[in-house]
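In what follows, chains are A, B, ... by sequence order, proteins preceding strands, each numbered from 1.
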Protein chains: 2
Amino acid sequence: MIRTTPRDVFAALQAHGHKLTQPRRLVIETLVDQSRAMTANDLHQVLAERGVSLASIYRTLELMSELHLAEPVHQSGDEARYIACRPEHHHHIICTGCWRVADVDSCLLEPVANAIHEQSHFDVESHILEFYGRCAACRR
Amino acid sequence: MIRTTPRDVFAALQAHGHKLTQPRRLVIETLVDQSRAMTANDLHQVLAERGVSLASIYRTLELMSELHLAEPVHQSGDEARYIACRPEHHHHIICTGCWRVADVDSCLLEPVANAIHEQSHFDVESHILEFYGRCAACRR
DNA sequence: CTGGTTGCAAAATTTTTGCACACTC
DNA sequence: GAGTGTGCAAAAATTTTGCAACCAG
């Protein structure tokens, strides 16, 4: 399973000229450590007592997204949820009970994209593939 | 290509005891005819002059979703976009230029779900798979 | 030091809802 | 006629932004 680490994220941020502030550090550490898809509010509940504002959480999540250090979950209800992950192309299996995430390494869809092109004359530029289910714990 | 029709949608609504009002009829006809992923505002721009309120548009889209007569697009930006489609399991290829939609009939993912189960011990209950690209027209 | 980053509060956006009236069946 | 559905306007909820103060490099 290809997980990321806070160190990887810090390094990537700094490589792009961003500063490593306390609020950022805390958001990143929390999101990575939980390996769950979290909302801004989830993070704020954990980090408010340490003085991290909701605005900084939103700003950090957006920054991580831009640098492909986090990805939004597409079936997330009203609030956006984010997963800390590595920039390489891969997919997730996400528990809709606890929002814990596992990686799906292989991407079997390149041949499908070609088939679609022949059928529909669309150039396929990207795709979303996410699996939802129940992890062993939530299944009880 | 498996498209739906306004008639199909009307029939399904009535089969579930819902009335066929003028605002509903117009929303459904517009969404089906365009075969594009549309936002509530897109629909309102077309239908406001015919007296259809934004509230009714939202309510109709939600009703269609519940009955699996429409599906939300998961990579849609700030506003939710909906596609009128048939209830059967299938996938879409969506143009990010004009939001026109084509269907992808085959679903190749059942075997993948089993592989995931063995890897991660998640029960896979559902998945999102959407392709994004450029249709021939938007490619210019 | 210097400019990026933060927290706060206000604003912006999208979506939902209460209610009186209207329309479908 | 009964009860669902509508429009309007206000409310809710999430996310974004302006600005003065602050901190990392």
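Straight-line distance from the CD atom of A:Glu62 to the P atom of D:dT15: 12 Å, rounded to whole Å. What separates CG of A:Leu43 from P of C:dG7 is a distance of 13 Å, to the nearest Å. Between B:Glu66 atom CD and D:dT4 atom P there is a gap of 15 Å when expressed in whole angstrom units. Between A:Ile28 atom CD1 and C:dT5 atom C1' the separation is 13 Å, expressed in whole Å. Straight-line distance from the CG atom of B:Leu26 to the P atom of C:dC23: 14 Å, rounded to whole Å. The nearest whole Å value for the distance from the NE2 atom in B:His44 to the P atom in C:dT15 is 13 Å. Put simply, CD1 on A:Ile57 is 17 Å from P on D:dT17, counting in whole angstrom units. When rounded to the nearest whole Å, the span between CD of B:Glu79 and P of C:dA12 equals 17 Å.
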**OP:** Please report the C-alpha distance between A:Asp8 and A:Thr5 in whole Å, then the side-chain angles of each, then the deciding distance to 0.1 Å, and finally whether the side chain to side chain donor-acceptor pair (under 3.5 Å) criterion is met.
**Re:** CA-CA 5 Å; A:Asp8 289 340; A:Thr5 64; 3.2 Å; yes
**OP:** Take A:Val101 and A:Ile93 through the test side-chain contact (heavy atoms from CB on, under 4.5 Å) and record every step on the way to the result.
**Re:** CA-CA 6 Å; A:Val101 175; A:Ile93 166 74; over 6 Å; no
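Using a 4.0 Å heavy-atom criterion, one finds that A:Ala80 contacts the sugar-phosphate atoms exclusively. When heavy atoms are screened at a 4.0 angstrom cut-off, B:Gln14 is found touching the sugar-phosphate backbone but no base atom. No engagement by A:Gly17 is indicated, since no non-hydrogen atom pair under 4.0 Å with the nucleic acid exists. Among the protein residues, A:Arg59 comes within range of the nucleic acid bases, having at least one heavy atom under 4.0 Å from a base atom.
With rounding to the nearest 0.5 angstrom, the CH2 atom of A:Trp99 is 7.0 Å from the CD1 atom of A:Ile94.
Side-chain atoms of B:Pro23 lie closest to D:dT6 of the nucleotides C:dT5, C:dC8, D:dT6. Closest to the A:Lys19 side chain, of the nucleotides C:dG4, D:dT6, D:dT15, is C:dG4. The nucleotide whose nearest atom lies closest to any side-chain atom of A:Thr21 is, among D:dT16, C:dT15, C:dT6, C:dT6. Taking the side chain of B:Ala55 as heavy atoms from C-beta on, and the options D:dT6, C:dT17, D:dT17, the nearest nucleotide is C:dT17.
A sub-4.0 Å separation between OP1 or OP2 of D:dT16 and a side-chain N or O of A:Tyr58 is absent. Under 4.0 angstrom from either OP1 or OP2 of C:dC8 there lies no side-chain N or O belonging to A:Ser53. Residue B:His18 has a polar side-chain atom (N or O) positioned under 4.0 Å from OP1 or OP2 of D:dG5.
Using bins of under 30°, 30° to 60° and over 60° for the plane-to-plane angle, the ring pair A:His90/A:His92 lands in the perpendicular bin.
At least one side-chain heavy atom of A:Met64 sits less than 4.5 Å from a side-chain heavy atom of A:Ile28.
Checking B:Asp78 against B:Leu20, the closest nucleotide of DNA chain C that is more toward the 5' end is the one next to B:Asp78.
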